[in-house]
Amino acid sequence: MAYGYEEFKKDVYKLTNINLDMYKERQMKRRIETLYSNKGYKDWEAFYKGMKHDGALLRTFVGYITINVSEFYRNPNQWEILEKNIIPQLLSNKKGKLTIWSAACSTGDEPYTLAMLFSKHMLLSDLNIIATDLDEDVLNFARNGIYSKKSIVGLPPEYVKKHFDFDGDNQYIIHKDIKQCVKFQQHNLLEDPYFKNVDLIVCRNVVIYFTDEAKNHVYNGFYESLVNDGVLFIGSTEQIYNAKEIGFSPIQTFFFRKIKK
């Protein structure tokens, strides 16, 4: 039998623990075909063998399929809603540290934005941000906390002035106090256990690439991860059609509160 996409998916799972069955097939298949053609491979089998023996190619593949697109303060109106309406609710009855999970955080723009925003309303020592992604390369980039001018163009000027140093070479370095409250770690949303006792989960523009089965897995996992009355913040390209069934009540557009079942 010819080696095709089905065999490729099985071998990739063994190699990376990434289950491609949980991604929308037509989109993902087309993306990978484009990648292996650009890399000079003729078919699925040749590409898999290439990744198996070339760590750099494998990392490129993982980064490519996880679609690492991120930016500071993306969709500003949503961040304004978070600050004006959601943060006061989160802090009103909170005692002790506030825990935030930035899921599929990519290059760190999102969790660092969260730290900057919350620093206006609380002590950073009381803030615990878990930032996760499947791709270890983007996590290493995020840990460095060094960004180009283009990366931070969307940030309000006061954030840049307060939380970055400019090194004179078109690079902006995030201050140590912001970096210290963000802990980066590798995590697979479709395979790994979820965190517990989280007050706010931010997962934006990620599950659009997943099958309905995978979306249900993720959203049910987020429900279990959140504390009662905890909040889920999703992306502008996403909807949760069965929110009530899972246990979420909409607060604002793109924001959902966990309700006790």
Side-chain angles (χ1 to χ4, degrees), residues 66-91 94 97-122 124 126-135 138-139 142 151 154-155 159 163 174 178-179 181-190 192 194-210 215 217-227 229-240 243 246 248-258:
T66 51
I67 314 169
N68 291 310
V69 177
S70 186
E71 61 185 75
F72 285 91
Y73 215 66
R74 186 178 186 182
N75 305 118
N77 61 315
Q78 295 175 20
W79 290 98
E80 291 168 7
I81 292 171
L82 175 63
E83 180 170 15
K84 293 177 182 178
N85 300 334
I86 307 302
I87 289 179
Q89 296 176 28
L90 290 172
L91 297 180
K94 186 65 182 178
K97 282 200 170 190
L98 187 82
T99 298
I100 300 172
W101 178 12
S102 173
C105 69
S106 188
T107 49
D109 311 45
E110 179 179 272
Y112 285 137
T113 300
L114 287 164
M116 295 174 203
L117 183 61
F118 274 83
S119 72
K120 296 167 63 177
H121 303 274
M122 62 187 297
L124 284 175
D126 291 330
L127 183 63
N128 175 39
I129 300 178
I130 307 163
T132 66
D133 201 275
L134 185 61
D135 187 344
V138 297
L139 291 173
S151 297
L155 266 177
Y159 284 59
H163 299 296
I174 290 180
I178 294 294
K179 288 178 66 176
C181 65
V182 182
K183 301 294 184 293
F184 292 97
Q185 69 180 78
Q186 191 174 39
H187 183 272
N188 186 338
L189 282 171
L190 300 176
D192 295 333
Y194 282 27
F195 303 95
K196 297 296 183 183
N197 300 314
V198 178
D199 298 287
L200 170 67
I201 295 175
V202 183
C203 185
R204 306 168 74 209
N205 308 312
V206 176
V207 304
I208 53 171
Y209 305 105
F210 293 169
K215 288 177 184 178
H217 171 83
V218 170
Y219 287 137
N220 278 287
F222 285 159
Y223 178 88
E224 296 298 331
S225 185
L226 287 165
V227 298
D229 293 325
V231 175
L232 172 63
F233 177 14
I234 65 172
S236 57
T237 60
E238 296 161 336
Q239 298 182 51
I240 309 179
I246 294 171
F248 285 119
S249 175
I251 313 171
Q252 302 264 351
T253 306
F254 312 121
F255 291 89
F256 295 81
R257 175 178 287 112
K258 172 179 175 175

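Here, residue 1 is the first one in the sequence, and each next residue gets the next number.
Closest approach of T99 and N197 over heavy atoms only: CB-O, 3.9 Å. Residues F184 and G108 share a closest heavy-atom pair of CE2-CA, 4.0 Å. Residues F254 and G235 approach most closely at CD2-O, 3.4 Å, considering heavy atoms. In terms of heavy atoms, L98 sits closest to M122 at CB-CE, 3.9 Å. In terms of heavy atoms, E110 sits closest to S102 at OE2-OG, 2.7 Å. Annotation for P111 and V182: closest pair CB-CG1, 3.9 Å, computed over non-hydrogen atoms.
Side-chain atoms of Q89 come within 3.5 Å of backbone atoms of N85 as a donor-acceptor pair (strictly under, hydrogens ignored). With E238 contributing its side chain and V207 its backbone, the two residues share a donor-acceptor pair below 3.5 Å. Looking at K258, its side chain does come within 3.5 Å of a backbone N or O of L226 through a donor-acceptor pair. A donor-acceptor pair under 3.5 Å links the side-chain atoms of T113 to the main chain of D109, judged by distance alone. Remark: side-chain polar atoms of R204 are paired, donor with acceptor, to backbone N or O of R74 under 3.5 angstrom. Without hydrogens or angle criteria, N75 side chain to N77 main chain gives no donor-acceptor distance under 3.5 Å.
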Q: Any chance you could lay out the side chain to side chain contact (heavy atoms under 4.5 Å, CB included) test for Y194 and V218, step after step, and finish with the verdict?
A: CA-CA 9 Å; Y194 282 27; V218 170; 3.6 Å; yes
Q: Go through the steps to decide whether I130 and K183 satisfy the test side chain to side chain contact (heavy atoms under 4.5 Å, CB included), and finish with yes or no.
A: CA-CA 5 Å; I130 307 163; K183 301 294 184 293; 5.6 Å; no
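In this structure, K215 is not positioned above the aromatic face of F210 in the sense of NZ or CZ being under 6.0 Å from the six-membered ring centre and within 45° of the axis.
The side-chain heavy atoms of T132 and C105, taken from C-beta on, include no pair separated by under 4.5 Å. In this structure, I87 and L117 have side chains that are in contact, with non-hydrogen atoms separated by less than 4.5 Å. Under the 4.5 Å side-chain criterion, counting only non-hydrogen atoms from C-beta, L155 is in contact with M116.
Atom NZ of K179 is separated from atom CD1 of I174 by 7.5 Å, given to the nearest 0.5 angstrom. For the atom pair CG of L90 and CG of L82, the computed distance is 7.5 Å after rounding to the nearest 0.5 Å. Rounded to the nearest 0.5 Å, atoms OG (S249) and CG (L232) are 12.0 Å apart. Here the CD1 atom belonging to I178 is positioned 12.0 Å from the CZ atom belonging to F118, to the nearest 0.5 angstrom. Rounding to the nearest 0.5 angstrom, the gap separating the OG1 atom in T237 from the CD1 atom in I208 is 3.5 Å. The CG atom of D135 sits 8.0 Å away from atom CD of Q186, with the distance rounded to the nearest 0.5 Å.
F222 and F233 have their aromatic ring centers separated by at least 6.0 angstrom.
Residues D199 and K94 are paired through a salt bridge, judged by an N-O separation under 4.0 Å between the basic side chain and the carboxylate.
Side-chain contact check for S106 and D133: no donor-acceptor pair (N or O, by modelled atom type) lies under 3.5 Å.
Ring geometry, Y112 versus F72: the interplanar angle falls under 30°, so the pair is classed parallel (tilted spans 30 to 60°).
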